[in-house]
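What follows is a short report on a single structure.
Order of the sequence lines sets the chain letters (A, B, ...), proteins ahead of strands, with each chain counted from 1.
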Amino acid sequence: MGKRYYYITTPIYYVNSTPHIGTALTTIVADACARFYKRRGRAVYFLTGTDENAPKVHRVAQEQGKPTQQFVDEMAEVFARTWRMLHIEYDVFIRTTEERHKRTVTEVFRRLREKGDIYKGSYQGWYCLSCETFWATSKIGAERSCPDCGKPLEWRDEPCYYFRLSAYESRLREYIQSNPHFIQPEVRRNETLGFLAEGLQDVAVSRSGTDWGVPVPDDPDGGVVYVWFDALLNYLTATGWLERGEEYLDLWPPDLQLMGKDILPRFHATIWPAMLMALELPLPERLYGHGWFLVNQKKMSKSLGNVYAPLEVAQALTTASGCELPYATDAFRYYMLREMPTDSDAEFSLEGLETRYNGDLANDLGNLVHRTLSMMHRYFEGRVASGEWRVEEPLATVFQRQVERATEAFEQVDFPRGLREVWEIISAVNRYYDEQAPWAQMKAGDTQRAGQVLYTGLEAVRILCGLIEPAMPAVAHAIATQLNLPTVPPWSELTEFNRLPGGHILGQPTPIFPRLQAEKATKLGQPHRLEGEPPGEPKKETARQGDKAMNETITIDEFKRLDIRIARVVQAEPVPKTDKLLKLTIELGDETRTIVAGIAETYTPEQLVGKQIVVLANLQPATIRGIVSEGMLLAAEVDGKAILLIPDREVPTGSIVR
RNA sequence: GGCGGCGUAGCUCAGUUGGUGAGAGCGACCGGCUCAUACCCGGUAGGUCGGCGGUUCGAAUCCGCCCGCCGCUACCA
């Protein structure tokens, strides 16, 4: 039993919010790839699904006053329904709450623990519930907020299992270096190698404090399996690795795993392959991390508030244009693929969608189909009159070349380029019509010439019908119907010309994409936000700005937890190989401490010695550049520069500030 | 700070290994056509190919420096 299916995956999506442009992008790209390979005759297995074992999910459910299971059932249905509405033809929709998945996670955990790749230790650190991530002390600011989402972190101190990720660092690096196509595009590969160069730490793979998730096997106090470890294994579960004996190898390994760039270097290109190495399983053929869509130059993600809901965008397009919903949905798919961010990020806008809709779809594709069929009906009663008609040169050469180029681009998941190549056919035929002017040939009585020209155009329409199917399946079917073909032609027939036989009767032409009328001002309107997402600026912006919102209050008790004192700098020296850091020795009452402060851009060591300063004395010690810092110097921040706070007059060191 | 990348017509961007007069789409203007969804075709827009040097017979394309962006990462206890 060997490999049989072309196995494509998307990440499984968190169910704590509804689908948006970002998750839709990954899923649409995956669907287009899946369809592309199907059209070429491959057996394809396309997996997507939902990640439901996160504690955050549990918490969101509680906030909504729902049993967690009910909540995840509902949300999984929202995702599945959205994907179906977007013409996503997945083969399996996996949910991590399924028993078979839990069995996979349990089994993998056991095996790796027996092997020694998972071991028990303990974890102390700051944890972001929202991002499901522990943060090293060196990563977080004094305000103890999450570097990613800006939300407050929680302190955790718990026994915990670790995965021996560090043991796979060099193997991983060697694999990536000797398999240049493993990680795509190139930028992502470089990023991953850069990430590896920093060195890999063992990662926590269990957590206590919640019972929502897969329990650590054979250890009643072991907590649940870390959600990332759990989630990644869905790709394995779906193959039937546990139940199908050797037969799961008809699927394994994945041929193409798609995802956003944010989860590639850290998870899919490191932890994931390392887990597979530990399991002694073959690695995926190809990991592809696309860029993000920005809205008004700003990042868009579930944690932020500036998110479009895909179905609402499609609905708005239908309303504004009069285009039927399935075709408006395909127009949305087309826009996503045509503008898909590859290396860097790209801008998503309704204006852009309108331009693509009117220009590429209504004026180019739709109009070409319509004018071609209209002329056939007008001049030839909708019938391929002669079996002698052939696709003419130089058009035949153009068709051949463009199909090849588009195919190559689609293989590289480069839909922006692939679709451009497809559209070259459209403009070539438009130019050809203009030169040949079959309407003039008819007037001149040269019916044979006109038929020859139109047949060439007709074949172009047939080829286009096949080429666009991965991007716009419903439109492809509509065109096939107008051509009166039983099915959308498979890829192999796109470079075989003259397939429409003499005597073939064409269907009726109907415009598929009615133009958006500018003068009617039927614009698509304002951003459509997700239900439950607050409007306004992304939360991250305020969290990241130095000037925090002043209206958040804390209690006096919270303030009292801070031990702020006056100290005197007795010694100061720069920290080697740094620009901002000074190592200070300070006198704090009876004791002497060492702290590290990032103020070298504003003060020289000489300026500091002897000065009295304000320090936070009961801050968790942290090691910075190998120096243990036992406290934090307080300073005003002006344009990123630190300005010291100095007592109005000399005070005893160790004095309390309150 | 380190690593990676980018900076080409008003806008969005193509431009493999250096060489015919630097391109496409959108927008604007002019013209043509009339089969078609006021569509399509052609032309014009005269962009120092971020700046300065260098290599070369010749560079947007190679090298160095600088400026400005972006991504990842790192030192802002």
Side-chain angles (χ1 to χ4, degrees), chain A residues 137-144 186-195 197-198 261-262 264-266 291-292 297 321-323 338-339 343-347 349 351-352 355-356 358-379 416-417 420 423-424 426-427 429-443 450 453-454 457 509-519 575-582 595-601 615-617 619-625 627-635 637 640-642:
Chain A
T137 347
S138 62
K139 293 269 185 80
I140 59 181
E143 65 276 15
R144 300 273 175 257
E186 193 81 15
V187 218
R188 305 278 104 80
R189 182 167 178 266
N190 291 338
E191 276 176 21
T192 306
L193 286 170
F195 183 68
E198 306 285 332
K261 64 177 183 177
D262 50 325
L264 198 149
R266 226 179 275 189
W292 287 349
Q297 314 286 325
S321 66
C323 178
R338 181 65 180 71
E339 307 283 345
D343 285 15
S344 53
D345 298 339
E347 184 76 11
S349 74
E351 293 72 23
T355 303
R356 289 280 168 219
N358 263 352
D360 296 1
L361 299 180
N363 294 348
D364 290 344
L365 177 64
N367 184 242
L368 179 68
V369 171
H370 194 244
R371 73 192 298 205
T372 301
L373 287 171
S374 294
M375 281 191 275
M376 283 300 297
H377 277 275
R378 177 187 282 239
Y379 303 142
R417 198 179 97 228
R420 274 201 299 274
W423 256 247
E424 286 296 325
I426 297 174
S427 43
V429 175
N430 274 330
R431 276 194 301 275
Y432 172 66
Y433 280 169
D434 203 62
E435 289 161 9
Q436 299 295 323
W439 50 90
Q441 290 165 340
M442 286 304 292
K443 277 179 191 158
V453 169
L454 288 178
T510 311
I512 297 169
F513 303 106
R515 293 190 101 243
L516 281 162
Q517 299 300 329
E519 58 268 31
V575 178
K577 292 184 196 162
T578 69
D579 304 320
K580 298 180 182 175
L581 298 186
L582 294 181
I595 64 173
V596 177
I599 54 172
E601 288 181 327
V615 297
L616 180 59
L619 182 63
Q620 178 81 19
T623 305
I624 297 156
R625 287 274 142 172
I627 302 164
V628 178
S629 180
E630 308 164 298
M632 170 176 163
L633 179 150
L634 300 185
E637 185 182 323
K641 306 283 186 188

Inset, instruction - May I have the distance from A/Arg338 (atom CZ) to B/A14 (atom P), rounded to whole angstrom? - result: 11 Å
Inset, instruction - Identify, between A/Arg420 and A/Arg378, the residue whose nearest nucleotide on RNA chain B lies closer to the 5' end. - result: A/Arg420
Inset, instruction - Let me know the distance between CD of A/Glu351 and P of B/G27, rounded to the nearest Å. - result: 14 Å
Inset, instruction - From the options B/C39, B/C41, B/U37, select the nucleotide whose nearest atom is closest to the side chain of A/Asn367. - result: B/C39
Inset, instruction - With heavy atoms under 4.0 Å as the rule, sort A/Asp360 into base, sugar-phosphate or nothing. - result: nothing
Inset, instruction - Determine: side-chain N/O of A/Arg188 to OP1/OP2 of B/C72, distance under 4.0 Å, yes or no. - result: no
Inset, instruction - Name the nucleic acid region contacted by A/Leu193, choosing base, sugar-phosphate or nothing; use a 4.0 angstrom heavy-atom cut-off, strictly under. - result: nothing
Inset, instruction - Please report, rounded to the nearest Å, how far the P atom of B/C33 is from the CZ atom of A/Arg371. - result: 15 Å
Inset, instruction - In whole angstrom, give me the gap between the P atoms of B/G58 and B/G19. - result: 14 Å
Inset, instruction - Pick base, sugar-phosphate or nothing for A/Pro514, based on heavy-atom distances below 4.0 Å to the nucleic acid. - result: base
Inset, instruction - Would you indicate what A/Phe513 reaches in the nucleic acid, counting non-hydrogen atoms under 4.0 angstrom: base, sugar-phosphate, or nothing? - result: base
Legend entry - Rounded distance (Å) that lies between atom C1' of B/C6 and atom CG of A/Asn190: 14 Å
Legend entry - Short side-chain N/O contact to B/C39 OP1/OP2 from A/Asn430, under 4.0 Å: no
Inset, instruction - Rounded to the nearest angstrom, tell me the gap between atom CG in A/Leu582 and atom P in B/C75. - result: 16 Å
Inset, instruction - Starting at CG of A/Leu634, measure out to CG of A/Leu616 and round the result to the nearest 0.5 Å. - result: 6.0 Å
